[in-house]
Amino acid sequence: MKQTVSSNRSSSRDRLSRESLRREWGIMKFAWRMAKRYHVMLFIVMLLEIVIGVFPAAAIYFLQDAVSGAGHDILSLVTRQNFVLVILVLIVYLFLQKGSGVIATFAVIDVEYNIRMQYLSKILGFSSESISKNLDNRTAFSMTQETAMTSSLIPMIYRSFIRAPVTIISAFILLIVISSRMLVLVVAMMAVIIGVSLVLRSKQKQLHREQYHETSSLLQYFNEWLTGHKIFHVYGTEGFYRRKMRMTFDKIAEVSRKHKLYGTAQSILVELLTYVAAILFMVFVSDSSGSIDIGIVLSFPAVILLIRGEIIKLVGGYQQLANTESSVSRLQQVLQMEVPSETGMEWNEQIENIELRNLSYWYDLPGKESEESTRTIILDHANLKLSKGRLNLITGPNGTGKSTTLNLILGLFKPKEGEVCYNGKDISQYTRASLLSKFAIVEQEPFVFQGTVGDNIIMGRDIDEEVVKRYLHEYALDYLIGDTNDLSLNIGPKGRALSSGEKQRLALIRALIGEPSVIILDEPTSNIDQEAATLIRNIMYDLAKQHLVICVSHDPLMTSNKDQNIFQIDNGNYIQRLSD
């Protein structure tokens, strides 16, 4: 029985090892694919690295040969001609090494740019539904630090997996030529170093994963703090969240210390083995009379240091590859996600009415999509018709599906059953971009970004600045551009220079200036004072005469107005009701 258990454990370790090797090979292939436009440049680097790898062994061989040939008259080698030759050789070696480094650095910069552009293009192509389900606060982190970690694999691959093996092989050939006894000693040293390093590597890999996980948690905590800092201040509970972050800091520090200790243990081992090898060298390389070839005496330390250094690079590269696994997996997760196809007809008409026909939408719990019992049903064979001419008001308790309804109307979410129709036509037959070009939206918390008043309204569209100024005057915001009539006033991060009412009106101008068919407003009066709310309500009633206006609101002053269509979401359906 014990033999069976032992056998199973051994088999499990073998499988894990093979799986680990497959993943790491996949990581290198991924880095190589990301460098697809730079393979010629990287091939040049590879050739230079091979030359550089052979260079030290060749230099040691010629030194040993010259010293052994000179016998006891070593001083005869110290001539101006030999000195100049050595300087020239070192200069050539330096230029080869630095030239390879410069080319590799340029390649890394281009590869990093390539990964980030692919990553950004992929994210921009996602639907809102995909973004809400699959992306989180690590997205920006992935596009910066994790991309840099992945692109750094390029020089590591050449340094550790091309130059280091070539240098080690050439050093072994040198040992065969110089002294077979030296070869036996170095092979034994190398085997011990690699064996122990691989054992330590598995622990370091585990520690790196723990560090990655805790760093992700810290990033999440920090983003939550930025979002909810006001709540923590109000309730006087800053210490509660500070403790959560401090515990994560402590965990990261603890894991980092262990990681450093294992790295230090490996370094000490390598140094000790080098000293042991130097002592054993004096025993094994001397002949029966106890004399030693002076050329071998001089060349041996150089060979030992050369091989030791390259073994460290080889093992270090393998460790870097393992440490980068989490970062590459994160990038691959996003880059391999499917982007919705934009095939379909172009929508070229004004939208007069919108209809949801027998529409159902639900959320599935992760990993249990096939089980109906895990579904959270939002809409259940619901029907809704919204038309131009009167304000269309959608109301209902929180969590009943108001925001989901807006996303379905915009085509940002796809219905599980049923269809969304504009002017009686199923929108699934048309491209999302052409449909959205007919819409404008003002959210509950208007999106305002760091930049100028003009940037926040125009947003890169081809719109005359005079039209913008006219709207600013009409909506009582012309004081933002002052007497200079200049749109370049900077409103600060998230529009900190503006009040909530000013943000709402600015978002309305942004919406109207593109001449949309449909205007969607999500709780437009919820976070502003009564004066601003009255202004916004009057604007909406006026807009509804010329546009298809859809408003989600709990505002009792709006639900009491008779000049509108009111739809309440109840039990997964829409019920039209009279004004209060």
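Every heavy atom of this structure was used, including side-chain atoms; hydrogens, water molecules and symmetry mates were not. None of the values given here were measured: they were computed from a predicted structure. Residue numbers start at 1 and run along the sequence shown.
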Side-chain touch [X]/[Y], heavy atoms, less than 4.5 angstrom:
{"X": "Leu393", "Y": "Ser553", "result": "yes"}
{"X": "Leu487", "Y": "Leu472", "result": "yes"}
{"X": "Thr534", "Y": "Arg537", "result": "yes"}
{"X": "Val420", "Y": "Leu359", "result": "yes"}
{"X": "Phe413", "Y": "Leu408", "result": "yes"}

From [X] [atom1] over to [Y] [atom2], what is the distance, rounded to the nearest 0.5 angstrom?
{"X": "Ile377", "Y": "Trp362", "atom1": "CD1", "atom2": "CH2", "value": "7.5 Å"}
{"X": "Ile409", "Y": "Leu435", "atom1": "CD1", "atom2": "CG", "value": "13.0 Å"}
{"X": "Leu379", "Y": "Ser360", "atom1": "CG", "atom2": "OG", "value": "7.5 Å"}

For [X], give me all partners under side-chain contact (heavy atoms from CB on, under 4.5 Å), at least two apart in sequence or on another chain.
{"X": "Leu436", "result": "Leu410, Leu412, Arg432"}
{"X": "Glu502", "result": "Leu477, Tyr479, Leu498, Ser499, Arg505"}
{"X": "Val552", "result": "Ile394, Lys402, Leu406, Asp522, Glu523"}
{"X": "Asp250", "result": "Arg246"}

Item to complete: For the residue pair Thr452 and Asp455, confirm or rule out a side-chain donor-acceptor distance under 3.5 Å.
Response: yes
Worksheet item: Quick one: which of Ile441, Leu508, Ile539 gives a side chain to side chain contact (heavy atoms under 4.5 Å, CB included) with Leu521?
Response: Leu508
Worksheet entry | Residues which pass salt bridge (Lys or Arg N to Asp or Glu O under 4.0 Å) with Lys258, listed by chain and number, not counting sequence neighbours | Glu254
State, to 0.1 Å, how close [X] and [Y] come at their nearest heavy-atom pair, and which atoms those are.
{"X": "Arg461", "Y": "Arg510", "answer": "NH2-O, 3.1 Å"}
{"X": "Phe447", "Y": "Asn456", "answer": "O-OD1, 4.5 Å"}
{"X": "Ile509", "Y": "Tyr475", "answer": "CG1-CD1, 3.9 Å"}
{"X": "Glu214", "Y": "Ile252", "answer": "CB-CG1, 3.6 Å"}
{"X": "Ala507", "Y": "Pro446", "answer": "CB-CB, 3.8 Å"}
{"X": "Lys416", "Y": "Tyr361", "answer": "CG-CA, 3.9 Å"}

Fill in: Criterion side chain to side chain contact (heavy atoms under 4.5 Å, CB included) on Ile520 and Val442, from CA distance to verdict
CA-CA 6 Å; Ile520 294 177; Val442 179; over 6 Å; no
Practice prompt. List for me each residue that meets ring pair (Phe, Tyr, Trp, His ring centres under 6.0 Å) alongside Phe439, sequence neighbours excluded, and say none if there are none.
Written response: Tyr422
